[in-house]
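Beneath this line is the structure, given in structure tokens, with notes to follow.
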Amino acid sequence: MIKAVRGTRDLLPPETALWNFVESTVRDVFRAYNFHEIRTPIFENTELFARGVGEETDVVSKEMYTWQDQGRAESDKGQSLTLRPENTAGVVRAYIEHNLQARGLNKLFYIGPQFRRERPQKGRYRQFYQIGAEVIGPQSSGSELPARDAEIIELLATLLDRLGITGWQLQLNSIGCANDRAKYNEALRQALEPVKDKMCVDCQRRAVTNPLRVFDCKVPEDQPIIEKLPRISQFLDEPCRRHFAQVQDILKSVGVEFQINDRLVRGLDYYTRTAFEFTHGALGAQNAILGGGRYDGLSEALGGPPAPGIGFAIGEDRLVMSLGKTADDVLRKPDVYIAPLGPGMNKEAARVARELRRHDIVVELGDETFRLKKSLETASKLGAKYALIAGENEISTGVFALKNLATGEQVPVPRPDLAARIRS
RNA sequence: GUGGGAGUAGCUCAACUGGCAGAGCACCGGACUGUGGCUCCGACGGUUGCGGGUUCGAUUCCCGUCUCCCACCCCA
């Protein structure tokens with residue numbers, strides 16, 4: 001048997017109803033904040049991710065699905081392509097390519113699959129789905145201002161509330177601008193130098209390659225050392241400090257609760273200043289339901305104009321897992337099951353079904369060869385509100401037997417009144 | 001990529017020390033010819049993840065492999 005490949009999966013009904021619920025709610029919320037959808041290709045030139053996400057990140061260095069194009073045209077042949085491991089780089093590429101700076105501030109969202117070759121685990125798949133948004137534009141459009149950061153974070157709080165997700169936590173930090181980071185990185189290296197030999201092997205490696213990541217360490221013995229390390233907050237320059245303070249002010253004003261976590265560092269190189277993460281307890285080790293932050297230098301890193309931006313990505317798979325709803329809660333069941341009864345009744349029942357469906361009634365249709373008992377059984381199994389019996393009597397008199405499957409009550413209803421009766 | 005656990009019917013799970021592969025639920029049919037939910041009866045359902053080995057005999061023991069789960073790692 002051919003099976004879905006490792007780390008991929010089929011989403012089947014009724015579970016897909018949950019995904020549709022999430023996506024339609026998300027679209028409603030984005031509309032209220034005046035975001036518009038962007039769809040970028042599912043694969044891009046490998047170089048985009050190498051430059052955009054960062055050559056040294058785990059995502060780029062060991063998790064990408066990359067191949068040499070076999071195209072027949074000379075221009076296609078041999079170019080290195082990659083299934084997108086995230087969507088921000090693609091959005092910024094599109095921003096540059098289509099000169100979207102001419103539109104001022106762009107507020108974009110996307111929903112779609114992403115690909116990373118990691119070892120699968122609960123909440124971690126090789127094809128997974130992200131819902132994300134980016135606010136990006138020239139500095140004159142206000143793209144750099146703290147109000148944008150606050151708005152996007154407040155949007156997320158609203159979104160989670162609308163989805164009925166409770167018990168989330170918002171972790172907030174500022175990781176400064178490029179200058180701050182450089183100074184801080186240097187200070188960290190110096191602070192780690194004398195103590196790193198006492199730390200775990202992972203930290204010894206991190207101390208050299210990417211000192212910021214030392215803060216991800218979960219080894220208990222290392223914690224006292226980590227506690228004493230300098231914090232990014234001490235290295236923020238005055239503009240970054242003020243920016244972060246204003247973000248916090250607005251969040252407090254709108255009543256979004258957060259925790260400052262000065263150990264929150266993010267794994268993608270392009271992040272600057274505001275960084276945040278929403279976590280949820282129902283997810284086990286993969287407890288980050290969404291993450292995001294500011295990336296003021298990304299456009300330039302990709303050869304574009306200065307274009308400060310901030311964005312986030314939600315793991316849709318994890319969002320669905322922490323939903324606390326079942327498919328049953330959001331599924332629309334049939335309003336009526338039509339049971340044609342006896343030879344020749346299929347064609348009559350089909351006409352009735354067509355009439356009712358025009359009135360936005362969800363109709364399931366049986367068959368004239370089914371016994372009534374079977375039809376009623378099927379109808380209640382499907383969760384239909386009503387069963388409509390379409391036998392010879394009903395067709396000839398124009399008055400149908402409409403049975404409420406919850407109460408068992410059955411009433412005769414004239415054909416013209418059926419839709420209104422069923423919808424009520 | 002590293003370490004550990006688990007794979008038996010559509011689903012949830014049994015099967016003693018290696019001895020005929022089972023139950024509940026679901027599904028299908030009947031009791032019941034135009035009236036469901038309850039009840040009763042019956043039928044269907046399996047390469048025990050896959051491949052090899054040991055054995056008279058393997059779901060059980062051994063090796064390999066695949067997949068899922070947990071932790072690490074990383075991230076959403």
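Residue numbering restarts at 1 for every chain, and letters A, B, ... go by the order of the sequence lines.
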Looking only at G1(B), G36(B), C68(B), the nucleotide nearest the Arg6(A) side chain is C68(B)
Give a yes/no verdict on a cation-pi contact between Arg273(A) and Phe244(A), requiring under 6.0 Å between NZ or CZ and the six-membered ring centre and an angle within 45° of the axis. no
Specify the separation, in whole Å, of atom NZ of Lys122(A) and atom P of C68(B). 13 Å
Looking only at atom types and distance, does a side-chain atom of Asp69(A) sit under 3.5 Å from a main-chain N or O of Gln79(A), one as donor and one as acceptor? no
Under 4.0 angstrom between Gln121(A) side-chain N/O and C68(B) OP1 or OP2: no
Side-chain heavy-atom pair Phe400(A), Arg415(A) within 4.5 angstrom cut-off: yes
Output the rounded distance in Å from NZ (Lys62(A)) to P (G1(B)). 11 Å
State plainly whether the residues Lys183(A) and Glu186(A) are in salt-bridge range, i.e. N to O under 4.0 Å. no
Which residue in the set Phe30(A), Tyr33(A), Phe35(A), Phe312(A) passes ring-ring contact (aromatic ring centres under 6.0 Å, His included) when paired with Phe109(A)? Phe30(A)
Measuring only the P atom in each nucleotide, how far is G24(B) from A43(B)? A whole number of Å is fine. 13 Å
Looking only at atom C1', what distance separates U59(B) and C20(B), rounded to whole Å? 14 Å
From CG of Asp10(A) across to C1' of C68(B) the rounded distance in Å is 14 Å
Where each pair must be Watson-Crick or G-U wobble with both distances under 3.5 Å, what dot-bracket representation of RNA chain B is obtained, with crossing pairs in [ ] and other-strand partners as |? (((((((..((((.....[..))))..((((.......))))......(((((..]....))))))))))))....
On a whole-Å scale, what distance lies between the P atoms belonging to A76(B) and G18(B)? 49 Å
Of residues 15-37 of chain A, the positions that come close to RNA chain B - non-hydrogen atoms, cut-off under 4.0 Å: none
Rounding to a whole Å, what distance do you find between Asp317(A):CG and C68(B):P? 13 Å
What does Ala406(A) touch in the nucleic acid at a heavy-atom separation under 4.0 angstrom: a base, only the sugar-phosphate, or nothing? base
Taking the side chain as C-beta and beyond, is there a heavy-atom pair between Ile226(A) and Arg263(A) under 4.5 Å? yes
Taking Thr272(A)'s backbone N and O only, do any of them form a donor-acceptor pair with Asp296(A)'s side chain (distance below 3.5 Å, no angle check)? no
Contact class for Ala313(A) (heavy atom, under 4.0 Å): base, sugar-phosphate, or nothing? sugar-phosphate
Atom pair distance, as rounded to whole Å: CD in Glu118(A) and P in C68(B): 13 Å
Any donor-acceptor pair under 3.5 Å linking the side chain of Asp367(A) with the backbone of Thr369(A)? yes
Expressed in whole Å, how much space separates the C1' atoms belonging to U67(B) and G51(B)? 15 Å
Using a cut-off of 4.0 Å on non-hydrogen atoms, how would the nucleic acid contact of Gly408(A) be classed: base, sugar-phosphate, or nothing? base
Got a donor-acceptor contact below 3.5 angstrom from the Thr46(A) side chain to the Ser80(A) backbone? yes
Can you build the contact string for nucleotides 25-35 of chain B? Use B for base contact, S for sugar-phosphate-only contact, and - for no protein heavy atom under 4.0 Å. --SSSSSB-BB
Arg119(A) CZ - C68(B) C1' separation (whole Å): 11 Å
Lys333(A), NZ: over 12 other non-hydrogen atoms inside 6.0 angstrom: yes
Heavy atoms only: give me the nearest Arg93(A)-Thr40(A) pair and the separation to one decimal. NH2-CB, 4.3 Å
Qualifying residue for salt bridge (Lys or Arg N to Asp or Glu O under 4.0 Å) with Asp317(A), from Arg126(A), Lys122(A), Arg124(A), Arg9(A): Arg9(A)
For Gln130(A) and Asn404(A), find the nucleotide of RNA chain B closest to each by heavy atoms; which residue's nucleotide sits nearer the 5' end? Asn404(A)
In whole Å, measure the gap between the P atoms of U47(B) and C11(B) for me. 12 Å
With heavy-atom distances below 4.5 Å as the criterion, would you say the side chains of Leu418(A) and Ile361(A) are in contact? no
On RNA chain B, nearest-nucleotide positions of Phe128(A) versus Arg117(A): which is more 5'? Arg117(A)
Please report the distance separating the C1' of G45(B) from the corresponding atom of G4(B), rounded so that it comes out in whole Å. 35 Å
Is there a donor and acceptor pair closer than 3.5 Å between the side chain of Arg318(A) and the base of C75(B)? yes
Please state how far atom CD1 in Ile289(A) lies from atom C1' in C75(B), giving the value in whole angstrom units. 14 Å
Arg116(A) CZ to C73(B) C1': how many Å, rounded? 14 Å
Taking the C1' atom in each of C38(B) and C44(B), what is the distance between them to the nearest angstrom? 24 Å
Taking the C1' atom of each, how far is U55(B) from C61(B), in whole Å? 10 Å
Pair Arg332(A)-Asp360(A), salt bridge (charged side-chain N to carboxylate O under 4.0 Å, His left out): steps then yes or no: CA-CA 12 Å; Arg332(A) 182 158 174 206; Asp360(A) 190 33; 3.8 Å; yes
Taking any heavy-atom pair under 4.0 Å as a contact, classify Gly383(A): base, sugar-phosphate, or nothing. nothing
Look at the side chain of Arg124(A) and the base of C73(B), then say whether one donor and one acceptor between them are separated by less than 3.5 Å. yes
